[in-house]
Amino acid sequence: ITYFKSFNNGKQSLTSSFRHSQSTLNRTVSVSLPDVSFNVSRFNPFELLKNESGLKSRWYDNISMTYNMNLRNSINTYDSLFFKQLRFNNFDNGVKHYVQLSYSSNILKYFNINNSVNYNERWYFKSINKTWYDYYDSSYVKTDTVINFFALRDINYNVTLSTRLYGLLQLKKGFIKAVRHVLTPSLSYSYVPIIRNKYYDNVQINKLGDVAKYSKIINPVYGLPSEQSMSIMNYSLANNIEMKVKSNKDSSGYKKVVLIENFTIGGYYNFNADSCRWSDINISGWTRLLDKIEIRYSGLWTPYYINSSGVKTNTLILNKFNRFIRENNSEYSVSLAYNLSSNNFKSKSDKDVKKNDNIYLSPYYINFDNKYNFYVYYTLRYTKHNITKRETEWIQSLSFSGNVELTPKWKVTFNSGYDIKDKKFTYTTIGIYRDLHCWEMNFNIIPFGYRKSYNFTINVKSNMLKDLKITKKRDWWDN
């Protein structure tokens, strides 16, 4: 059950809900009452002051702010104990406040800088105290639940500097008219200071006097802040290369051909690390040929020397060899996608839906507008890992999916694959759909494998009555 209310033309909103779920298999009950969320959309606090006073615009007028508050009070127990445990100290509850201040501007006209400060505060209303008792005949740690108030805070600062560089080569003769190279460098810094929240304590655990650390907050519904500081600088360089070639099919006489869709180099530097402060460099890129063949590369390159045992040392490769980085792990893949549907045999005038390349290559997209739709996706992957031992591996995978519209109200879908190495079918699902006017029927089955199961559902189509349904199922853990 959910209640929603908006204020001030939608700039603030309040959502309150009651949730209840119960399992007849293990007799567990989960209740959340209430679950409240209050949100304030982004606004410029100094801009409001300027409008009221009639002052000229200043740089700080671009500072924006958002605020979110969440409150939760929930309990998880068994149905036989539910009414016996309806006491405050048996509920897990808390309140979380989140405030973000952000500011964006341009530097020297071509550089974009984004700053943000994020503040979180969590309120909890109960804790535990552990005490060591040592008697002649027994010794133990006693745990007491105490009703009190804890306010835990954390704050972090982020800044990002980015720009975009263009390189253009124009050719007066030949099939190619121009080649364009776009570089997008980015540099960011993140800082999280240490805030002493004092929600940990120590307790003796045995007669030898050994002490263990424990958290006073149990089941924190909004988590706990980190006890460690963070100071990291990230960097990345994205590349895109495309060219313009002659084409008789385009009204302009030219068409754009992408040579490299995205080639990115990135990593970070950890100021707080004791050693190996430079991270491995992540290099990845991909391109597409003939709208059906995808070529991808991803790899990790390390700037540190790795000894014969395969252990990374704190010595830069540059100090031992005449190069900056060394390959650590790499993966090359070539993928072929093919789609066969009744649309392939329609004339262009009949195709009222424009083809989307991203959807066309997705193995999870099923288009029910076609009478049938069949999709095949083949991947050949070559991996190199543990460079010291020179381990390599070839992997081939084949997946296929589709749907068949038997009648306007009956549809069958399937999704499967074939493991070429082990010579057996992989995870397979079959679905049957029936349109029952205001109702609908779905039958989904995994016919074999360790996740063998089925699910049969008849439900109302309307979202308002989505909980009005009949379900019969057998889960894989019941096998």
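Here, residue 1 is the first one in the sequence, and each next residue gets the next number. No hydrogens, no waters, no symmetry mates; every other heavy atom, side chains included, goes into these values. All figures in this text were calculated on a predicted structure; none of them were measured in a lab.
The shortest heavy-atom contact between Asn39 and Asn68 is OD1-OD1, 2.7 Å. Between Val29 and Tyr78, the closest heavy-atom pair is CG2-C, 4.3 Å. Across all their heavy atoms, Ile128 and Tyr214 have their closest contact at O-CE1, 3.9 Å. Shown here for Leu465 and Val460, the closest heavy-atom pair between the two residues is O-CB, 3.8 Å. For the residue pair Tyr378 and Leu380, the shortest heavy atom distance occurs at OH-CB, 4.0 Å.
Side chain to side chain, His181 and Asn239 meet the donor-acceptor criterion of an N or O pair below 3.5 Å. With no hydrogens or angles considered, no side-chain donor-acceptor pair links Thr15 and Ser37 at under 3.5 Å. With hydrogens and angles left out, the side-chain atoms of Thr160 and Asn114 include no donor and acceptor closer than 3.5 Å. Asn158 and Ser190 form a side-chain donor-acceptor contact under 3.5 Å, judged by distance and modelled atom types alone. Inspection of the Tyr189 and Ser231 side chains reveals an N or O donor paired with an N or O acceptor under 3.5 Å. No side-chain donor from either of Arg42 and Thr66 sits under 3.5 Å from a side-chain acceptor of the other. Asn459 and Thr457 form no side-chain donor-acceptor contact under 3.5 Å, judged by distance and modelled atom types alone.
Between Tyr157 and Tyr191, the gap from one ring centroid to the other reaches at least 6.0 Å.
Taking the charged nitrogens against the carboxylate oxygens, Lys96 and Glu121 have no contact shorter than 4.0 Å, which rules out a salt bridge.
At most 12 non-hydrogen atoms from other residues, nucleotides or ligands lie less than 6.0 angstrom from CZ of Arg19. Annotation for Phe448: atom CZ counts as buried by contact number, over 12 foreign heavy atoms lying within 6.0 Å. For OH of Tyr200, the number of neighbouring non-hydrogen atoms (other residues, nucleotides, ligands) closer than 6.0 Å is greater than 12. Residue Lys312 qualifies as enclosed at atom NZ: its count of foreign heavy atoms under 6.0 Å is above 12. Crowding of Tyr110 atom OH: a count of heavy atoms from other residues, nucleotides or ligands under 6.0 Å not exceeding 12.
Contact of the Ile75 side chain with the Asp92 side chain is not registered, since no non-hydrogen atoms from C-beta on lie closer than 4.5 Å. Residues Tyr166 and Arg180 have side chains in contact (heavy-atom distance under 4.5 Å, counting atoms from C-beta outward). Residues Gln100 and Tyr119 are not in side-chain contact: their nearest non-hydrogen atoms beyond the backbone lie 4.5 Å or more apart. No side-chain heavy atom of Arg323 sits less than 4.5 Å from a side-chain heavy atom of Ile325. You'll find the side chain of Val117 reaches within 4.5 Å of the side chain of Ile155, heavy atoms only. For the pair Lys244/Lys255, no side-chain contact is recorded, criterion being any heavy-atom separation below 4.5 Å from C-beta on.
Arg326 CZ to Lys320 NZ: the interatomic distance, rounded to the nearest 0.5 Å, is 11.5 Å. From Asn339, atom CG reaches atom OH of Tyr375 across 8.0 Å, with rounding to the nearest 0.5 Å. Taking CD1 of Ile195 as the start and CZ of Arg153 as the end, the distance is 8.0 Å to the nearest 0.5 Å. A distance of 9.5 Å separates OG1 in Thr379 from CD1 in Ile420, rounded to the nearest 0.5 Å. Rounding to the nearest 0.5 Å places CD1 of Ile283 at 5.0 Å from CD1 of Ile265. Atom CG of Leu336 is separated from atom CD1 of Ile295 by 11.0 Å, given to the nearest 0.5 angstrom.
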* To do: Go through the steps for Glu440 and Lys469 under the test salt bridge (charged side-chain N to carboxylate O under 4.0 Å, His left out), then give the verdict.
  => CA-CA 10 Å; Glu440 59 185 359; Lys469 59 184 177 181; over 6 Å; no

* To do: Begin with the C-alpha distance, continue with both residues' side-chain angles, and end with the deciding distance and a verdict on side chain to side chain contact (heavy atoms under 4.5 Å, CB included) for Val376 and Leu398.
  => CA-CA 7 Å; Val376 179; Leu398 177 68; 3.7 Å; yes

* To do: Could you check Ser186 against Ser162 for side chain to side chain donor-acceptor pair (under 3.5 Å), going step by step and ending with a plain yes or no?
  => CA-CA 4 Å; Ser186 176; Ser162 63; 5.3 Å; no

* Would you sort out whether Gln22 and Arg27 count as a side chain to side chain donor-acceptor pair (under 3.5 Å), showing the intermediate values? => CA-CA 7 Å; Gln22 188 167 349; Arg27 306 181 68 87; over 6 Å; no

* To do: Evaluate side chain to side chain donor-acceptor pair (under 3.5 Å) for Asn444 paired with Asn455, printing each intermediate quantity in order.
  => CA-CA 5 Å; Asn444 297 285; Asn455 189 319; 5.8 Å; no

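Residue Tyr297 is tested with Trp286, Phe263, Tyr332 for a ring-ring contact (aromatic ring centres under 6.0 Å, His included); the sole match is Tyr332. Partner of Cys276 under the side-chain contact (heavy atoms from CB on, under 4.5 Å) criterion, out of Thr313, Asn314, Thr302, Thr315: Asn314 alone.
Partners of Ser333 by side chain to side chain donor-acceptor pair (under 3.5 Å), not counting sequence neighbours: none found. Not counting sequence neighbours, Tyr67 has no partner by the ring-ring contact (aromatic ring centres under 6.0 Å, His included) test.
In this structure, Tyr418 and Phe425 have perpendicular ring planes: the angle between them is above 60°, well past the 30° mark. Classification of the Phe456-Phe443 ring pair by plane angle, with boundaries at 30° and 60°, yields tilted.
A cation-pi arrangement, defined by a distance under 6.0 Å to the six-membered ring centre and an angle within 45 degrees of its axis, is absent between Lys411 and Tyr433. Seen from the ring of Tyr254, Lys177 counts as a face-on cation partner, given the 6.0 Å and 45° thresholds.
For the pair Lys461 (side chain) and His437 (backbone), a donor-acceptor distance under 3.5 Å is present. Between the side chain of Tyr427 and the backbone N or O of Ile446, no donor-acceptor pair lies under 3.5 Å. In this structure, Ser279 contributes its side chain and Arg277 its backbone to no donor-acceptor pair below 3.5 Å. In this structure a side-chain-to-backbone donor-acceptor pair under 3.5 Å is present from Arg122 to Tyr222. Remark: side-chain polar atoms of Asp419 are paired, donor with acceptor, to backbone N or O of Asp422 under 3.5 angstrom.
Within the structure, every pair that satisfies the side chain to side chain donor-acceptor pair (under 3.5 Å) test and touches residues 260-276, not counting sequence neighbours, is listed here: Ser229-Asn272, Asn262-Thr264.
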